[in-house]
Amino acid sequence: MEENAPGSLEYILRIGQEHRELLGQVRHWDNLKIALHEGAYWLKGLTARQVASPGIKSIPYKEIFYLKDNKLFPEGSRLPVQRMPLSLLWTPVDRGLPLKLPMPNHNFFGLKETIGISIVPSLKEEQAVALLVTAAGLRKYIETAPAIRLKPLTWVIVGKDRAMIFGSPLLPMEGQAFWKKGSFLFPAGFDLEFPVLSMQLENKMELQGGLIVWEKDSTCFRVEKEAIKQLSIASFRRSVKQAGSATA
Amino acid sequence: MINPGQSFFLDTIMQLRQTENILLHSRMIELSPEEEELVTEFLKREYETESLSYPFVAPAFNAPAALWAAKLVYLSALLILYREHKNEELSSILPVYAGEQDASAILSADLCLRFLPAIHLFAKMLDHEDQLAGLLHSILVEWPYAATGSGIEAKEGQELLPADDCLRQLYIDRIIEKKDLRSASMPGIREQVQASMGNYSTTFWKELK
């Protein structure tokens, strides 16, 4: 690495005191030291690579020297222009250029502002725990289903013609898969736009053990815990008869 | 109406269906036609409830088969407790099923016949050489669906995989439920068992290879 190679040159940057703000963009480079001397800021410890980087190149009003035998040579020159000033007080750059945080405005009362709650595509990979299917599709599968595939599953009827199946392994049929976070079920590949709000939302909705299922259009519906039943052929036949729907 | 207390035979069968225990109230082996009718009626209702959970289309209820199985279970339990008969009489008290063994008969008989392997085991434990145990064994050999998981091998040359969709799936389900490795490894059945579990055979049944 050129930074660590012995005999590599050390670069010095000088900039007028009035341009102090311009150094802000390099204050996170922790190998730099800064000092104030005769109305100018001195920055030492720069490497050749840092000097060539946009962080330094984009600073106007600067002078760059390299240091040899305590003499300062302008970049590309073989003649020194002056000696390095002695007895400079060096401090790490982030302490030499402290941050000033804006004061909080105690008179700000913009409490009426609201944000919309919606779900957006997400790249996080999650395990699917539920499947939203049509009742007609479920009937086709379930009437010929092996008992062992239904045993680990529970289900609930959604609206007039849909059903939601919970458990694992899920049934091999067409449908929308969901993943679970707390009491929320999101469509696979989606998450809240502001995931940090999910706790507050949950508290606000007073779920009492129920679940909230989010759909892709950011609407949601509630599933009561008591409504979720063991999935079996008899349960399906009885419920669908009872609901009087999905007969088509 | 079917109420408990109308008949000892009915009470025992109801108890058996509801709690899976056998409770005998009498030592009489003669059953009146009224009693038989009551039990048939009860079993018919049980079959209707149970067939709701059958896959495909459940076959119709077969009253003679259901009654035959109920009598068989009732009387064999009775004979274990009160044996006042000669060995030669046994086969006339416990006749083999006379009708045709189709899907409807097998499923209707199974309402009670599924408890026969346990009774057979109990009889065998009391007396290994008891003729009753031998008789029950010979019946179970003929009814592989009821005997699933009991370790009793089916009759030589018998077609094990039923043609009826409903019964076939139920048979496969029972093999998986009882983890009957011997039946599951038979050719023909093996593929069906695998197909039922799909990709998850190791999740559901680790021992099956």
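So that the names make sense, note that chain A is the first sequence line, chain B the second, and so on, each numbered from 1.
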Checking the side chain of A:Arg238 only, and the main-chain atoms of B:Leu52 only, is there a donor and an acceptor separated by less than 3.5 Å?
no
Can you tell me which portion of A:Pro152 sits under 4.5 Å from chain B's heavy atoms? Options are side chain, backbone, both or neither.
side chain
Can you establish whether the number of heavy atoms outside A:Lys140 located under 6.0 Å from its atom NZ is more than 12?
no
Within 6.0 Å of CZ in B:Phe122, more than 12 heavy atoms from elsewhere
no
Do B:Phe204 and A:Lys151 pass the side-chain contact (heavy atoms from CB on, under 4.5 Å) test, and can you show the C-alpha distance, the side-chain angles, and the key distance before you say yes or no?
CA-CA 10 Å; B:Phe204 293 128; A:Lys151 219 172 161 188; over 6 Å; no
For chain B, which of A:Ser235, A:Pro169, A:Ser168, A:Ser232 has the most heavy-atom pairs under 4.5 Å?
A:Pro169
Engaged part of A:Thr144 at the chain B interface, taking heavy atoms whose separation is under 4.5 Å
both
Over 12 non-hydrogen atoms of neighbours within 6.0 angstrom of CG in A:Asn105:
yes
Chain B heavy atoms under 4.5 Å from A:Ala147: which part of the residue, side chain, backbone, both or neither?
both
Quick one: what part of B:Phe56 sits under 4.5 Å from any heavy atom of chain A, side chain, backbone, both or neither?
both
Take a 6.0 Å sphere around CD of A:Gln200 and say whether it holds more than 12 heavy atoms from other residues, nucleotides or ligands.
yes
Which heavy atom of A:Arg149 sits nearest a heavy atom of B:Met197, and at what distance?
NH1-O, 3.9 Å
Smallest separation among heavy atoms of A:Ile148 and B:Asp173, with atom names:
N-OD1, 4.4 Å
Please check if the number of heavy atoms outside B:Glu37 that lie under 6.0 Å from its CD is greater than 12.
no
Could you look at B:Ile172 and say if it's the side chain, the backbone, both or neither that has a heavy atom under 4.5 Å from chain A?
neither
Nearest non-hydrogen partners of A:Arg237 and B:Ser53, listed with the distance:
NH1-N, 4.3 Å
Counting neighbours of CD on A:Gln127 that are heavy atoms of other residues, nucleotides or ligands and sit closer than 6.0 Å, is the number greater than 12?
no
Taking atom CD of B:Glu191 as the centre, does the number of heavy atoms from other residues, nucleotides or ligands within less than 6.0 Å exceed 12?
yes
Taking atom NZ of B:Lys179 as the centre, does the number of heavy atoms from other residues, nucleotides or ligands within less than 6.0 Å exceed 12?
yes
Residue pair A:Pro146 / B:Gln169, side-chain heavy-atom distance below 4.5 Å
yes
